[in-house]
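What follows is one structure encoded as C-alpha cells, with my remarks underneath.
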Amino acid sequence: MNSDPFDFQDDAPSGGTGAASGANSGANPAGEPPWLSGLNPAQRDAVLSLLGPVLVLAGAGTGKTRVLTTRIAHLIATGHAHPGEILAVTFTNKAAREMRERVEHLLGRPAAGMALGTFHSISARWLRHYAERAGLKSNFTILDSDDQIRLLKQLIRAEDIDEKRWPARLLAGLIDRWKNRALTPQTVPQAEGMSFAEGKGLSLYRQYQERLLQINACDFGDLILHMITLMQNHRDILASIQRRARFLLVDEYQDTNVAQYLWLRLLAQRPETEPRHICCVGDDDQSIYGWRGAEVGNILRFDQDFPGAKVIRLEQNYRSTGHILGAASSLIAANASRLGKSLWTEAGAGEKIDLRGLWDANEEARTVGDLVEDRQRQGDSLSEMAILVRAGFQTREFEERMITLGIPYRVIGGPRFYERAEIRDALAYLRLLVQPDDDLAFERIINLPKRGLGTAALQMINRLARAEGTSMSRAAAQLIGSEDLRPQARRALAHFLEDFKRWREQIDQLDHPSLTELILEDSGIVEMWQKDKSPDASGRLENLRELVGAMREFDSLNGFLEHISLVMDNQEASGLEKLTIMTLHAAKGLEFDTVFLPGWEEGVFPNQRSMDEGGLSALEEERRLGYVGITRAKKRAIILFAANRQIFGQWQSSLPSRFIEDLNPQHIEEHLQQGLYGQSRSPRMVGDQSWDGGKAWGGFQGYDTEPARGPGWARAQAHGARQNVEGRGDRVRRSSRRAHGLQGVGLQAMDSRKSGHPSADQAAAPAFTIGERVFHEKFGYGEIIEISGHKLHIDFEHSGVKHVLDSFVTSS
DNA sequence: AACGGAGACCTTTTT
DNA sequence: GGTCTCCGTT
C-alpha cells in the first residue's frame, strides 16, 4: 500500500487522455512490445482489446492474472492511459499486492498513482477523503465483525430483546446481507425489515447506522455502501472519481455482489456516446461465494449491462495434466447454469486421479500421511502438496496425523493474527489513542488490565455518554470531576485518562513502534501476561512483540491501523517447507503439484447444510468447489472418502459423494479398500443376492445406475457428450448394475434423509426392533434403542450410543 | 475476580 | 466431541 493514501486528485500529469488515438503507438517498430511475446491468441486478444467493455472468461489455470497484468502494462506503456487513470480491483489484498508487483515488473518501473486494491481498500481511501459528506470524520475507525457484534448486542439489549432468541450474530448477518445488496435503512423493503425480533430488524439497522456515525466508525459493508451513496448524490464526487477510473479492470468478477456491482456501474457510467473501458475477468465455474452475497448473475449478464461487450474465452490450461483436467471438466459439466467453456491442454495425460475409499476418517488421514511420505521419498517438496478440505473441522484429523508422523504442516485460515485477543487489546489502545471517540475500543480496555473499573463504573460512563450525546472518553473525563463515582474508581479512571493524555503527547516525540512499546509497558498489559501462568501466555507476549515488529514497516501509526483493519492476513515468514492444509475456499487461485481431496462424502461434500439452505443452486456451488479443488492440482490429485466419520461426536455412516459419479471414469484409478460398506455376513441385508465381496464396493459402482436416484442420473447421462478434453469419449457407463444389497439400502436411507427425492423403496426397511441386540464391525455389540427409517440409535457395550445406518449392523 | 457448570454451537469467509 | 459464552456461585 502506498504511503500517500489519497493521491488521486490532481497529481496526475495530463497526457494519457487521448485514449482514442493510435492503438499501437507504444509498439516497438521492429515488432511488438516484449511483454506480448508468449501470449496465446486469446490472451493476446484480451490484452489488446483495450477499448470498450470486455469480458474475459478465464478458466482455471489459463493465465488470467497474466492477462490482467499485461493489459495494465500495455495500457500504460503504449500511452493509452496514465497510471492515474487506471483503477484495478481485486478481492484480496494479497491479489492486489501480487498484481502490482507484476505490473511494475513488466513496466520496469513503479506504476505510481495507479489505484489498485480491493473494493474495500479503494473505497476506504476515498471515504476518508469525502468523510464529512457522509457524516464521518476522516479518521473514522473500521470495525471488524467482532466490534460489529458487540455494538449490535448493546442495541439489542437496549431494546429489551431476548438475546437468546435473537442473537446479535443473526442481526449482523441480516445487516451484512442488506449491505451486500446495497440496501440502506431507507431502501430495505418493508417486508424484509420485519425479519428480526418481531419486526424490529429495520429499526435496529437504522439505530446501528446512527450509532456508527456517533462513534465515527464504519463496518466493512459501509465502506462500499457509503461510497455508492456519495457517488449517487454528489455529482462532483462522482465526476472526480470517474476521472480517475477511465480504465477499469476487475478481477474475479464472478465474486462481486450487488453493492460492488453498483459501485462498478457508477464508476463506468458514461454518456451514451462514450465507450466504457471496463474489463472484467472471471470464471463462472469458480464462483464459490454465493453464500456471502456474490452474484454469479453479474457475470452471466455482463453483455446486457455493457452493450457491445466483447467476450473472450481463455481455454488453454497451462497448469494441469490431461487426466486432471478431464476429471475436473466432467465434474463441472454436470452443472446446468454455466456460460460454458472447454478447457484443453497441450500437456500429456499424466496420472489418473487416484480415488480411494476407506473405512473411516482415521484411515483417511493415515492414507494421506502415507502418501505424503511416499512423495517425499520420491523427492517431492512438502510445499508442493496440499490437503484441501470442505470445512474446518476436517483439518483436525490431518493435523494429528501429521504431528504423529513428524511432517511439518501449516493450516491456512485458522484464527488470524490480528484477530487474537491480545492483539485486539493492544490495537484498542492504539485506536483510542488516535481516536478518543472510539467507544468500542474504550469499552474493551477500560478494565484491561484490571483496574477496578467494573460494570458499575462502565454503566455510569455509558449512561452519561448517552445522556450528553457524547463519547465515553468525554463522559469519563466529566465523571472524574463529579462525586458520582466511588473514590477508588474515580482515581483509577483519572489515572487511565491521564495515561492516554501522556501518551498522546508522545505521538510526535516517539516513533510509533516505540510508542506502542511504551503503552504496552505503562498500561500494565505486559505485566498482566507475565503474571499469567496459563501455558499460552508466553505465546501472547510473543505475539505482542511481533505486532510491534510489524509496525516498523509502516511510516505512521495511522497507516498501520488502516493496514490492519483492511489487511487482516498474516504472511508466515518461516522458510521451512511445509505441507499446506486448508479449505477449498482458501485454495482458490493457488496451485500445487499434488492435491489431496478428502471427505468426498454425501453430507460433508456436498455439504448437507449448504444444500438444505440453498437447494439446487447451492449444490451447483458445491460442485464448483469440487472443480476448484481438482483444478488446483498440477500433476496429481487424490480424492478420498470414508464410510464412517465422527461428526460432532456422533458416528455417521456416509455414502461417497455424488460428485464422484460425475467424474468420467476414464480419468480415474480406483483404490477401494476391501470390505468397505460392511460386506459382512449379514443375514439381514435387504435383497442381498449377488454381493461379490469387495471388489466392486457397492456405493460407487452400483448406485450410479440406479434410476431411482433422480437428478444425478439424468445429468450423468447428459454430460458425456460434452467432454472436450484430451481423452474425450463417451462416458463409460458404470458396468455394475447392482442396485440392491448394502449399497441399495444405504442409498435409500440417504435419499430419504436428504431433501429432494424420497426413496420409492422405503417400505423395504429391514425389520429391526427396538431392544434387539446387534453387531457392528467397528463398535461391536449393542442394543437398538431407537429406529428412524434406516437410521438406528444403538447403545454399544463399549462405545456408547451411536447413530448408524441399519446396513452396517447385523443381528446377533 | 475467579471458577465452574449448563447450554448452544458446530460450513465456507474477505474485507 | 470440543469450544465458547453466559451466568451463577464463592
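Lettering follows sequence order; numbering is per chain, from 1.
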Could you tell me whether the side chains of [X] and [Y] share a donor-acceptor contact shorter than 3.5 Å?
X: A:E399; Y: A:Y409; answer: yes
X: A:Y261; Y: A:R265; answer: yes
X: A:Y627; Y: A:N335; answer: no

Rounded interatomic separation in angstrom, taking [atom1] from [X] and [atom2] from [N]:
X: A:W263; N: B:dT15; atom1: CH2; atom2: P; result: 15 Å
X: A:D219; N: B:dT14; atom1: CG; atom2: P; result: 17 Å
X: A:Q394; N: B:dC10; atom1: CD; atom2: P; result: 16 Å
X: A:R390; N: B:dC10; atom1: CZ; atom2: P; result: 14 Å
X: A:L448; N: B:dA1; atom1: CG; atom2: C1'; result: 13 Å
X: A:L170; N: C:dT5; atom1: CG; atom2: C1'; result: 17 Å
X: A:I149; N: C:dT5; atom1: CD1; atom2: C1'; result: 13 Å
X: A:I446; N: B:dA1; atom1: CD1; atom2: P; result: 13 Å

Any side-chain heavy-atom pair from A:L230 and A:L127 closer than 4.5 angstrom?
->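 Sidechains of A:L127 and A:L230: in contact.
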May I ask you to test the A:K179-A:Y205 pair for a side-chain heavy-atom distance under 4.5 Å?
->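 The answer is yes; the side chains approach within 4.5 Å.
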May I ask you to say whether A:R150 pairs ionically with A:E443, meaning some side-chain N is under 4.0 Å from a carboxylate O?
->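 The answer is no: the pair does not qualify as a salt bridge.
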Is it true that A:D283 and A:K64 make a salt bridge, defined as a side-chain N closer than 4.0 Å to a carboxylate O?
->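 A:K64 and A:D283: not salt-bridged.
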Should [X] be listed as having a side-chain N or O under 4.0 Å from OP1 or OP2 of [N]?
X: A:S145; N: B:dT13; value: no
X: A:K94; N: B:dT15; value: no
X: A:N93; N: B:dT15; value: yes

DNA chain B-proximal residues of residues 284-294 of chain A, any heavy atom under 4.0 Å =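 The answer is A:W291, A:R292.
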At 4.0 Å (heavy atoms only), tell me whether [X] reaches a base, stays on the sugar-phosphate, or touches nothing.
X: A:K179; value: nothing
X: A:E613; value: base
X: A:S610; value: base
X: A:G221; value: nothing

Proximity to the side chain of [X] - top-ranked nucleotide from [options]:
X: A:R396; options: B:dT15, B:dT12, C:dT3; value: C:dT3
X: A:N447; options: B:dT13, C:dG2, B:dA1; value: B:dA1
X: A:K153; options: B:dT15, C:dC6, B:dT13; value: C:dC6

Partner of A:R658 by salt bridge (charged side-chain N to carboxylate O under 4.0 Å, His left out), out of A:E622, A:E620, A:E602 |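 Exactly one candidate clears the test, A:E602.
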DNA chain B: A:F91 or A:H585, which has the more 5' nearest nucleotide?
->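 Upstream on the strand: A:H585.
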Whichever of A:A391 and A:T92 has its nearest DNA chain B nucleotide further upstream toward 5' |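 The residue whose closest nucleotide sits nearer the 5' end is A:A391.
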